[in-house]
Amino acid sequence: MSRRCVWILTFVLFLGLTTGVERAATPAAAQAPLPNIVVLATGGTIAGAAASDVQAGYTSGQVGVEQLLAAVPQAKKLASLRGEQISNIGSQDMNDEVWLKLARRVNELTAMPDVAGVVITHGTDTIEETAYFLNLVIKSKKPVVLTAAMRPSTALSADGPLNFFNAVAVAANKEAAGRGVLVVINDWIHGASSLTKTSTTALQTFLSPVWGLIGTVAYGDAEFYRGPVGRNTVNSEFSIEKIKALPRVDIIMAHENMDGALIDAAVAAGAKGVVIAGVGNGNMTQAALDALAAQAKKGIVCVRSSRVPTGRVGRSVEVDDDKYGFVASLGLNPQKSRVLLRLALTQTKDVKQIQKYFDEY
Ligand code: ASP
C-alpha cells in the first residue's frame with residue numbers, strides 16, 4: 001500500500017471515529033430527562049363539549065384530564081406529564097372550596113423536588129381571579145401556568161389544544177420561574193395581576209392593559225420580556241395555610257341614580273368588605289357615597305375601583321378617601337380588588353394597612 005493510501009485510510013478512520021463519538025453523544029443528550037409537569041384540571045370550555053362542531057351552545061367541564069392530555073400528544077415531547085382532576089366545572093361556578101383545594105395542591109406539588117412546574121386548565125370567565133388569588137398565596141418560584149380556551153374541545157378550530165401545548169412549554173421553561181403565576185392563552189403570556197377578559201366570544205379576549213405582557217409563545221417557543229407587576233408568590237405575605245374560609249366581600253356596580261340600598265344589603269348579607277365598581281375614576285352618586293361612608297365608619301372596608309376596563313383609580317382624586325375612610329384600588333380592577341381585599345381581611349381591618357397592600361400587590 002502506498003504511503004498516500006495509508007494516509008487516506010488513517011484520515012477516513014479518524015473521521016469515522018470522531019463522527020462516531022458525535023453520534024454516540026446525540027442519543028445521550030436526547031435522553032436528558034424531560035421536566036415533570038403536573039396538570040391540574042378544573043373544567044371550563046377547554047374541557048367543554050357540544051353536540052356539533054359548529055354550534056355556539058355547549059357545556060363546560062365535560063372532558064376529563066386524561067382525555068385532555070390524550071388530545072395533545074405533542075405536549076409529551078416537551079415534558080413528562082401527569083394529570084389530576086381538581087374539579088370539572090364552568091368557571092362561572094368557581095368557588096372558595098375549589099380555590100383552597102387547588103392552592104393547597106399547587107403548594108404541595110411545587111414543594112416536591114421532582115416537580116418542575118404546574119399547568120392548570122380553567123374556564124375563561126374567572127381565570128383572572130383564580131390566577132390572581134394563586135399569585136398571592138402560592139409559595140414557590142416554580143412556573144405555575146393557567147390556560148383556557150374560548151371554544152369547546154369539539155369545536156371546529158378549537159383553540160384549547162395549542163393553548164395547552166403552549167402552557168406546557170412555558171411551564172417547562174426555566175425562564176418562566178420567578179415571574180409570578182402566569183396565564184398562557186392565544187400565544188400570549190400574561191401576568192396574573194394584569195390580565196383581564198375583554199370580549200365575551202373573541203379568541204383574543206385576554207389583554208393586559210396598562211402593564212403589558214410578560215411574554216409571547218408561538219408553538220412552544222417562548223420569549224419573556226419582563227417580570228410581573230406587584231408582590232407575588234414567595235414575596236407575598238398572604239397565606240392559606242391556616243385559613244378554613246375567606247371573608248365575604250361583594251362588588252357593587254355604580255350607575256346613574258344609584259342609591260345606597262345594595263351597599264347596605266351587602267353588609268346585611270355578611271360582607272366584611274365592599275368593592276365599588278365605580279363610574280370613571282371610582283366615582284358614585286352622593287347617596288351611594290353617604291351609604292358607603294356610613295358602612296366604613298362601622299368598620300366595613302370599602303374599596304373604590306372602576307367599571308372602566310383600563311386605567312387607575314387614584315386616591316382622593318374626586319372623592320376624599322381620607323375624609324370617608326376609603327381605600328383606592330389603584331391599578332386593580334373590581335374583581336381583583338375583591339380577591340386582594342378578601343386576603344387582606346384575613347390579616348387586618350386597618351384601612352391604612354389595606355391601602356398599603358393595594359400599593360404593593
Ligand atoms: N363559561 C366558561 C368558563 O369560564 C367559559 C370559558 O371557559 O371560556 O368555564
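These numbers were taken from a predicted model, which means no experiment stands behind them. Just so you know, ligand 1 is whichever comes first in the structure, and atom 1 is the first atom listed for that ligand.
Legend: residues meeting side-chain hydrogen bond (donor to acceptor under 3.5 Å, both in side chains) with Gln295, ordered by chain and number and at least two apart, are Asp264. Thr198 meets the side chain to side chain contact (heavy atoms under 4.5 Å, CB included) test with Thr196, Thr205, Leu207; sequence neighbours excluded. A search for side chain to side chain contact (heavy atoms under 4.5 Å, CB included) contacts involving Thr233 returns Asn135, Ile138, Val181, not counting sequence neighbours.
Using a 4.5 Å cut-off between side-chain heavy atoms of Ile, Leu, Val, Met, Phe, Trp and Tyr, with links allowed through other members, Met112 and Val118 fall into the same hydrophobic cluster.
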Inset, instruction - Please step through salt bridge (Lys or Arg N to Asp or Glu O under 4.0 Å) for the pair Asp250 and Arg248, ending with a clear verdict. - result: CA-CA 7 Å; Asp250 289 338; Arg248 177 172 177 150; 3.1 Å; yes

Legend entry - side-chain hydrogen bond (donor to acceptor under 3.5 Å, both in side chains) assessment of Tyr225 paired with Thr216: CA-CA 8 Å; Tyr225 307 139; Thr216 56; 2.9 Å; yes

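Contacts of ligand 1 (protein heavy-atom distance under 4.0 Å) are Gly44, Thr45, Tyr58, Ser60, Gly90, Ser91, Gln92, Gly123, Thr124, Asp125, Ala149.
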